[in-house]
Amino acid sequence: MASPDPDSDETSYVKMATAAVDSRGTDASLVGSHCEYAYCNQLDFLPFKCQSCNKTFCLEHRTEDGHACTNPGAWAKRKREAELARQSAGEGKRMRDLVSQKPCADDQCKTIIGTSLVPGVHCTNCNRDYCLKHRLREDHDCANKTPIGARAASAAQAAAVAEGARSALERFKLWGQAKRDQAKQSFASPSSKPKVAQMLAVNTLKKTAKGDAKIAPEKRVYLYVEAEAATAKAKIPKGEFFYNKDWVVGRMLDAAARSLQVQNINNLSDKEEDRLRVFHVEGGRLLEFGEKIGDVLQSGNTVVLLRGVGPPPDLMTP
């Protein structure tokens, strides 16, 4: 409903009356008006005018009930009749004029959408409208369409980020391969010093690692956790943490992202370029979200959070 005109007399059923004052000065006792209620007659310097009976009253008797108005409800009736007389937005127009009609955005579809019988479905990914038959992303080839309104550089920028993520993944794969080769040499060596050094490193890790104190000591897996700088920007680049070996990788990822203060929108986006994944350095592969920590990791291992590397298995190392 439109707001009432402040200059109109219909703004309220009571209105403060204005008193004209002579520019040469007027005696204060003559300013204002007397209340016209029969049993009051009080001089009020800020009187009110009733819009139903057009009489002037003081603050106490300004309402229709307060001064036993002789024409109660007249203002409300005029207001209601004015509202009913106002032309509605769709009056005199056909239904087809009130809806936005256009063809389905699919290249091969000629269906007219936006009618009263065939509504359109908006795709938030490519920012286009489709008929019910082509409403799903795979049905209108959404992945190969540039979103309407997107900047031209956004697609190239996304491709560059994805390429950087894959380069980072390859770099970590090489790092993992070097660690595996080093471990093989240590186990093959007759000297026990490498094994002792590894045990000392794990013991030191247990003293510095942080995690949920409610996790029983025998259930803990102690890990070095890092965030890849280019794709998973973190306020805390790396840290030492422990997790429950009965957790799945997805739960560990959520906890690690909170600890390193990395943006995690895995539960909000189904786009691979937005999702974080966990790379196991010693294993040389990306871990599945549903894998159990105790089955794929052991204390002293290193995991890295990466974004936009795509799901296993195509990027996994056998």
Contacts satisfying side chain to side chain donor-acceptor pair (under 3.5 Å) that involve residues 251-268 (not counting sequence neighbours) are D254-N264
With sequence neighbours left out, the residues meeting side chain to side chain donor-acceptor pair (under 3.5 Å) with E240 are none
Hey, are the side chains of [X] and [Y] touching, using non-hydrogen atoms and a 4.5 Å cut-off?
| X | Y | answer |
| --- | --- | --- |
| C35 | D44 | no |
| P47 | C58 | no |
| P103 | K110 | no |
| V221 | F241 | no |
| T111 | V118 | yes |
| F48 | H61 | no |
| V303 | L297 | yes |
| V281 | V304 | yes |

To the nearest 0.5 Å, how far apart are [atom1] in [X] and [atom2] in [Y]?
| X | Y | atom1 | atom2 | value |
| --- | --- | --- | --- | --- |
| C53 | E36 | SG | CD | 8.0 Å |
| S33 | L43 | OG | CG | 8.0 Å |
| T302 | E282 | OG1 | CD | 4.5 Å |
| N54 | C69 | CG | SG | 9.0 Å |
| I293 | Q298 | CD1 | CD | 13.5 Å |
| E64 | S52 | CD | OG | 3.5 Å |

Considering all heavy atoms of both residues, which atom of [X] and which atom of [Y] are nearest to each other, and what is their separation?
| X | Y | value |
| --- | --- | --- |
| L223 | L205 | N-CD2, 3.9 Å |
| D212 | F242 | O-CE1, 3.3 Å |
| Y243 | V225 | OH-CG2, 3.7 Å |
| L260 | A234 | O-CB, 3.4 Å |
| R78 | Q51 | NH2-O, 2.8 Å |
| C104 | C131 | SG-N, 3.4 Å |

Between [X] (side chain) and [Y] (backbone), is there a donor-acceptor pair under 3.5 Å?
| X | Y | answer |
| --- | --- | --- |
| R277 | R307 | no |
| E228 | L305 | no |
| E291 | E288 | yes |
| N127 | T124 | no |
| H134 | H140 | no |

The remaining residues in the hydrophobic cluster of Y39, counting side-chain heavy-atom contacts under 4.5 Å among Ile, Leu, Val, Met, Phe, Trp and Tyr, are Y37, F57
Joining Ile, Leu, Val, Met, Phe, Trp and Tyr whenever any side-chain heavy atoms lie under 4.5 Å apart, the cluster holding V202 also takes in none
Those residues at least two apart in sequence (or on a different chain) that pass side chain to side chain contact (heavy atoms under 4.5 Å, CB included) with K238 are E226
Mind checking whether [X] and [Y] sit in one hydrophobic cluster, side chains of I, L, V, M, F, W, Y counted as touching below 4.5 Å?
| X | Y | result |
| --- | --- | --- |
| I113 | L117 | yes |
| I265 | M252 | no |
| L287 | L253 | yes |
| I215 | V248 | no |

Look at atom NZ of K145 and say whether more than 12 heavy atoms of other residues, nucleotides or ligands are closer to it than 6.0 Å. yes
- Any luck finding a side-chain donor-acceptor pair between N301 and H280 under 3.5 Å? yes
The test is side chain to side chain contact (heavy atoms under 4.5 Å, CB included); show your working for K292 and D246 and say whether it passes. CA-CA 6 Å; K292 201 172 181 179; D246 293 332; 3.5 Å; yes
V121 and L132: side chain to side chain contact (heavy atoms under 4.5 Å, CB included), yes or no, with the steps?
-> CA-CA 7 Å; V121 179; L132 296 178; 3.7 Å; yes
Contacts satisfying salt bridge (charged side-chain N to carboxylate O under 4.0 Å, His left out) that involve residues 115-141 (not counting sequence neighbours) are K102-D129, R137-D270
